[in-house]
Amino acid sequence: MHALKVTRAEDFPEWYQAVVRDADLAELSPTRGCMIIKPWGYGIWERIQGELDRRIKAAGCENYYFPMMIPLSFIAKEAEHVDGFAKEMAVVTHHRLKAVDGTLKPDPDAELTEPLILRPTSETIIGDAFSRWIKSYRDLPLMLNQWANIVRWEMRTRMFLRTAEFLWQEGHTAHADKAEAISETMRALEMYRAFSEDFLALPVVAGEKPENERFPGAVSTFSIEAMMQDGKALQAGTSHYLGTHFAEAQNIRYQDKDGGMTLAHTTSWGVSTRLIGGVIMTHGDDDGLRTPPALAPRQVVIVPMLRGKPEDDDLKAYCASLAAELGALNVFGAPLRALVDVKDARPADKRWDWVRRGAPLICEIGPRDAAGGQVTFIKRNALREGEKVKSHTLSRADFVAQADVLLRGMQKELFNEAKARLDGNIRDGFANFADLERYFGEDKEGEFKGWARVHWAKPTGAALEEVGQRLKALKLTIRNAPLQQPASFGACIFTGASAVEEILIARSY
RNA sequence: CGGGGUGUAGCUCAGCCUGGUAGAGCAUUAGCUUUGGGAGCUAAGGGUCGCGAGUUCGAAUCCCGCCGCCCCGACCA
């Protein structure tokens, strides 16, 4: 009997919804397409923020904050950018409500002279500021980041993966020349790769997006792609080299050493609460989430087996001192986060709540453990042996001494498990498009297909458009061209011509 | 935004075809029992049946309109 009502094999989308709800991560809000992020889910986001913010600052960026509302005219400044975002924009048009026939409506006399849009991203309003802040080569490079909420009016929403409002971090930088801007673009990409793999235990493939998948207005777009347990790809982070597109549109120029006016080269990069969806679909099992220890808001949860008897006090004291002892330890470069769950509920219910949330180590301590100086615990990443829950017992001293090793080991085990799935499910050997059609065309519902690694001649324009259409018929997209490329290439699977690049093709979220 | 499904207690759902103003299990609350592990018994609380208009003496049920959610598609960092 599993802790969730639906298993991954039965119905993956339903299972995903069940984890989000039963692990107490988030719920739907009365506002269409938006979610309420609950404490365990938000705690995970705070951990992401804390660690990534440290890495962003270590790279020399500073944080700042721009308004959530952007004048409508700003978004029109970069042509491709408009095309990319115009269709999913929330627009603020009035500044006052009025009761009309008993219902509150926007007051017709309070219409804004210029509507405001809720930011779908901030390139335009930040570019405007950059144009004022950057006067001289001495002002460069300018490297800034903001943590913010974003609004995109999506037609179809899914919790954490695509919601009308989401939380993210957007870095924006300006540089004197192309080489330096590209180097910053790659630095951010590598920062995301390392962060995902080390901290989220989420193995990814870093690479460059094809022309048709670029960010609107970018010269080149790079991504990290992760493989979910249903074989689909999830774009988990992006980094863009924007060239001088936004600099031209918004007049971001600096006076160089020779006194001439030169356009700056800009970049932007971001990750969002979508990462949490990626963690769920990578590490979740039929008992709920398995939160990687480095990421978990609580790494060790202690459930005292209280029985409403006098010895409960001794048991509570034992658990409290154990938690204090654990809290004095350092794991993953920070104090260990331990909690004694003293909520007045049945111990078994509390145990399963923490199993669903995915607390890495769940200690169940009864009077006998306390008397014997022991700790009985379960490891969430390897919860069961067969159908049965497997529990372990150590002396208290050994448990405290090994907590660090246990948590680090679990982090590694989760990563290795996901890494093996990623590496083991990227298929090679597609000689031509017909091979690809044969493999991806004949599928049963819910069948695991993984990704395809193929060679192509990297067509552009109309020819690329056609490639996109052919893939679309198989519900496939090009994910990226991995940074690590082979020494030589075979034939392009689309045209038969000599290939110039290796790319990953997959179904995606 | 197109196709399909769905909306009844906190959750999962029955009732709807064949109108007579609500049911089960789990959860919640209380009491008793139980206690090395998702407990048992007893009792109680909880629903303007998604919203609005209509037919009718009477609508969860029939008709019309709208909305939300889920899946597929289109779209999309």
Side-chain angles (χ1 to χ4, degrees), chain A residues 1-6 11-18 20-22 27-35 81 83-89 120-121 123 150 152-159 161-164 166 168 170 192 209-210 212-218 221-225 233-240 268-275 287-288 303-309 311-312 315 344-356 362-372 374 376-378 383 388-389 391 393 445-446 472-473 475 477 479-480 507-509:
Chain A
M1 179 179 167
H2 290 284
L4 299 181
K5 283 184 179 152
V6 198
D11 189 333
F12 197 78
E14 273 295 319
W15 166 85
Y16 178 78
Q17 301 272 123
V20 171
R21 190 187 64 234
D22 294 344
E27 63 183 38
L28 288 166
S29 73
T31 313
R32 198 206 90 103
C34 297
M35 60 181 171
H81 200 64
D83 286 350
F85 287 109
K87 292 184 291 291
E88 50 183 45
M89 214 80 88
T121 179
E123 270 74 9
I150 290 295
R152 294 179 189 175
W153 210 259
E154 300 288 351
M155 282 303 178
R156 187 178 165 194
T157 60
R158 315 185 72 172
M159 300 260 254
L161 299 174
R162 178 170 287 110
T163 45
F166 58 94
W168 80 351
E170 52 180 325
Y192 290 150
K209 286 285 193 187
N212 60 335
E213 301 275 346
R214 270 181 210 145
F215 174 74
T221 287
F222 297 82
S223 72
I224 51 170
E225 303 281 335
L234 181 76
Q235 180 173 308
T238 51
S239 183
H240 315 287
S268 69
W269 29 272
V271 297
S272 70
T273 37
R274 172 182 263 198
L275 282 175
D287 291 303
V303 178
M305 308 306 292
L306 302 174
R307 304 197 293 177
K309 294 193 173 168
E311 57 264 34
D312 281 2
L315 186 51
D344 182 15
R346 289 197 195 99
D349 291 343
K350 290 195 280 191
R351 182 244 280 244
W352 286 103
D353 277 346
W354 288 110
V355 165
R356 282 185 285 264
I362 301 166
C363 303
E364 299 179 295
I365 299 185
R368 222 175 293 163
D369 292 310
Q374 292 185 340
T376 299
F377 62 97
I378 50 182
L383 183 67
K388 289 187 68 178
V389 172
S391 71
T393 301
E445 193 62 33
K472 194 164 147 187
K475 302 180 203 168
T477 52
R479 301 319 299 163
N480 68 24
R507 298 201 166 125
S508 72
Y509 277 97

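In what follows, chains are A, B, ... by sequence order, proteins preceding strands, each numbered from 1.
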Could you tell me if the side chain of [Y] sits less than 4.5 Å from the side chain of [X], heavy atoms only?
X      : Y      : value
A:E225 : A:K209 : yes
A:R152 : A:F166 : yes
A:M35  : A:V20  : no
A:D369 : A:E364 : no
A:I378 : A:V355 : yes
A:W352 : A:R346 : no

Can you tell me which nucleotide in [options] comes closest to the side chain of [X]?
X      : options                : answer
A:W352 : B:rG38, B:rG37, B:rC76 : B:rG38
A:L28  : B:rC1, B:rG38, B:rC70  : B:rC70
A:R351 : B:rU12, B:rG37, B:rA77 : B:rG37
A:A348 : B:rG73, B:rC71, B:rA39 : B:rA39
A:R307 : B:rA77, B:rC71, B:rU35 : B:rU35
A:E154 : B:rG37, B:rU12, B:rC76 : B:rC76
A:Q235 : B:rA39, B:rA74, B:rA77 : B:rA77
A:F215 : B:rA74, B:rA77, B:rC71 : B:rA77

With rounding to the closest Å, how many angstrom separate the [atom1] atoms on [N] and [M]?
N      : M      : atom1 : answer
B:rU56 : B:rC63 : P     : 16 Å
B:rU12 : B:rC70 : C1'   : 15 Å
B:rG7  : B:rU34 : P     : 44 Å
B:rA30 : B:rG46 : P     : 16 Å
B:rA27 : B:rG40 : P     : 8 Å
B:rU8  : B:rG47 : C1'   : 8 Å
B:rA44 : B:rC13 : C1'   : 23 Å
B:rC11 : B:rG52 : C1'   : 28 Å

Rounded distance in Å - [atom1] ([X]) to [atom2] ([N]):
X      : N      : atom1 : atom2 : answer
A:N212 : B:rC76 : CG    : C1'   : 13 Å
A:D22  : B:rU12 : CG    : P     : 10 Å
A:R32  : B:rC1  : CZ    : P     : 9 Å
A:R274 : B:rC76 : CZ    : P     : 14 Å
A:E88  : B:rC1  : CD    : C1'   : 14 Å
A:D312 : B:rU35 : CG    : C1'   : 11 Å
A:M155 : B:rC67 : CE    : P     : 13 Å
A:L161 : B:rC71 : CG    : P     : 10 Å

Under a 3.5 Å cut-off for both distances, is [N] Watson-Crick or wobble paired, and to whom?
N      : value
B:rG7  : B:rC67
B:rC49 : none
B:rC16 : none
B:rA43 : B:rU29

Which part of the nucleic acid, if any, lies within reach of [X] when heavy atoms closer than 4.0 Å are counted: base, sugar-phosphate only, or nothing?
X      : value
A:P13  : sugar-phosphate
A:G270 : base
A:W168 : base
A:R356 : base
A:T376 : base
A:P30  : nothing
A:Q17  : sugar-phosphate

Under-4.0 Å side-chain N/O to phosphate OP1/OP2 contact, [X] with [N]:
X      : N      : value
A:R162 : B:rC75 : no
A:K475 : B:rG73 : yes
A:K472 : B:rC75 : yes

Whichever of A:D369 and A:R152 has its nearest RNA chain B nucleotide further upstream toward 5'
A:D369
Nearest-nucleotide comparison on RNA chain B, the residue closer to the 5′ end among A:G33 and A:S508
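Checking each residue's closest nucleotide, the 5'-ward one belongs to A:G33.
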Side chains of A:R479 and A:S223: donor-acceptor distance under 3.5 Å anywhere?
no
Parallel under 30°, tilted from 30 to 60°, perpendicular over 60°: which one fits the rings of A:H240 and A:F215?
parallel
